[in-house]
Amino acid sequence: MIKLVFCARRRSNLTPADFSDYWKNHHGPLFQKHAYRYRALRYVQNHTLNHPINDGMRTSRGSSEPYDGVGEIWWRSIEDFLTVIRDPSMADLRRLFVEDESRFVDLARSAVFFTEEVEFPLPTPPAPATAEDTPDPETIRSEVRRRYGSIASGEATLKSSARTSCCGAAAPETPKRASCGCETDEQARTLGYTEADIAATPAGANLGLGCGNPVAIASLQIGQTVLDLGAGAGFDAFLAARAVGPSGRVIGVDMTPEMVAKARANAARNGFTQVEFRLGEIEALPVADGIVDVIISNCVINLCPDKCPVYREAFRVLKPGGRIAVSDVVAREELPDEVKRDLALHSGCLAGATPLAELAAILRHAGFVEIVIRPKSNSAEVIESWDAVASVGAKVFAAEVLARKPAPDDRAPARCCCGGATPAAK
Ligand SMILES: C[S@@+](CC[C@H](N)C(=O)[O-])C[C@H]1O[C@@H](n2cnc3c(N)ncnc32)[C@H](O)[C@@H]1O
């Protein structure tokens, strides 16, 4: 299509309002009525705004006075237009329009020419963040289950899947743990596991999915009952079993069937008779009330859309005086909306990190005392070792979360985070 552009200046005896009124209410309807005879396809008037913005535009660019209006008429082609104009039967109509134009347009100071439109389609601007954009809890849960299911079944490995964080990694099956020198062992060393820890766990139990070493901060005693929330393939559960000895007991809970199957196979192959793995969600633990001495967990609770039921359940199953020793990712402050909208960052243990102050409040409300939430000593090294954290890395830290369920014989008043038990993250 081609377009006739008519940049019009009003006659000197007219005000801008007179010009606009005549063009809009007389000339426009006149052309509209005869447009079919002109074979015109489209007709648009652009009336210049009477607004100081136009003075500003003109002076900032050093331009001349604006036109009073710009008319546009479209034809299929120049040939179409010429056919109409050269048609002798159109002579009267042409004369009518030129006469009418001269009543309100200063033709000598106006401009008229044909153009061809070149349109640049503009990308849709990103929609402002809304609560609806954040994945809903069920979407997060099923993505977490899918991701860790494929890691457990070996479909995603360090080689085959992009590694976004601790939770994005998976180790290929390694027949000889201690001497393999594989990436998950190296990761375990960064997280604070000793060579003895690495050597003591069954092959395939360490999938490189943690963000700390909860057993190292749990002060486990011989004979205790330990619960591992989100036990994965059993790495920490097996280390806890070594610490509590044959008279102790370890229960691992995980919601991903492939993980539970892998952990059970690891236990059976290596004779861990005091370790048991149960399928279930840690928001509704398949564990009786008040039977656990210590709860451990490694890089799991951040994956739960709602942390309140997790800590409520932890409180329920602990014996009075029982403790939690959790490694997890915690946020220094509220994370940006674009992070919270990213499902991969959720299942990658970043987007679900709870702000420090909120986490302390959740623990207090669940009933815990002696709450400590502190950055792991090499938190920066742990977080920086994850590949895709550039936009989030500075906003989160690898945390150690410690707390105790009060016992009836507690004499000292319970300390809470406000009393100084929760150092701020550095
Ligand atoms: C990052 S991996 C950590 C696994 C293990 N703690 C480790 O360090 O190797 C997270 C694990 O938590 C499990 N998980 C995530 N959300 C859970 C929930 N709400 N209930 C039970 N398990 C969950 C996943 O299935 C996955 O096995």
Side-chain angles (χ1 to χ4, degrees), residues 137-153 156 158 161 163-171 184-185 187-188 190-193 197-198 201-216 218 226-240 250-264 266 275 277-287 295-314 317 325-329 344-353 376 382 386 398 401:
E138 266 326 300
T139 305
I140 294 173
R141 207 185 304 281
S142 59
E143 171 57 14
V144 167
R145 204 177 261 121
R146 185 205 61 75
R147 184 169 188 167
Y148 293 102
S150 68
I151 288 174
S153 56
L158 278 176
S161 78
R163 187 170 150 210
T164 55
S165 75
C166 66
C167 301
T184 50
D185 287 355
Q187 241 180 304
T190 304
L191 295 179
Y193 293 93
D197 292 337
I198 294 168
T201 45
N206 172 18
L207 296 179
L209 302 176
C211 55
N213 179 356
V215 176
V226 177
L227 172 64
D228 185 1
L229 305 181
F235 187 33
D236 293 309
F238 296 127
L239 289 175
V250 180
I251 304 166
V253 173
D254 202 288
M255 70 171 184
T256 303
E258 295 90 334
M259 276 296 182
V260 174
K262 195 174 181 74
R264 284 176 181 160
N266 285 336
V275 184
F277 293 98
R278 299 181 184 174
L279 182 66
E281 292 180 1
I282 62 175
E283 294 90 337
L285 283 168
V287 176
I295 291 178
I296 59 169
S297 183
N298 198 349
C299 222
V300 175
I301 300 174
N302 71 82
L303 296 167
C304 300
D306 185 357
K307 278 70 177 170
C308 296
V310 175
Y311 285 107
R312 262 201 317 267
E313 279 290 272
V317 302
V326 169
S327 296
D328 203 7
V329 180
L345 289 181
H346 273 281
S347 64
C349 294
L350 291 165
K376 189 172 161 45
V382 171
W386 303 349
V401 181

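None of these values were measured; they are calculated from a predicted model. Indexing begins at 1, ligand by ligand and atom by atom, following the structure's order.
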* Asked: Going through the checks in order, is the side-chain contact (heavy atoms from CB on, under 4.5 Å) test met by Leu239 and Tyr193?
  -> CA-CA 10 Å; Leu239 289 175; Tyr193 293 93; 3.4 Å; yes
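- Counting the atoms of ligand 1 from 1 in the order shown, those under 4.0 Å from a heavy atom of Gly280 are 20 (N), 21 (C).
- When Arg141, Met255, Arg146, Arg145 are checked for heavy-atom proximity to atom 21 (C) of ligand 1, Met255 turns out nearest.
- Of all the atoms in ligand 1, the ones that sit under 4.0 Å from a non-hydrogen atom of Leu303 are 10 (C), 15 (C).
- Contact annotation: Ala233 has no heavy atom less than 4.0 Å from any atom of ligand 1.
- Residue Phe235 does not touch ligand 1, judged by heavy-atom distances below 4.0 Å.
- Residue-to-ligand polar distances keep Asp228 apart from ligand 1: every N/O pair is separated by 3.5 Å or more.
- Residue Ala231 touches ligand 1 through its backbone alone, judged by heavy-atom distances below 4.0 Å.
- Residue contacts with ligand 1, taken as heavy atom pairs separated by less than 4.0 Å, involve Asn298 via backbone and side-chain atoms alike.
- For ligand 1, the polar-atom distance check against Glu281 finds no nitrogen or oxygen pair separated by under 3.5 Å.
- The shortest N/O to N/O separation between Ile282 and ligand 1 falls below 3.5 Å.
- Taking distance alone, with nitrogen or oxygen atoms compared against 3.5 Å, Tyr148 stays at or beyond that limit from ligand 1.
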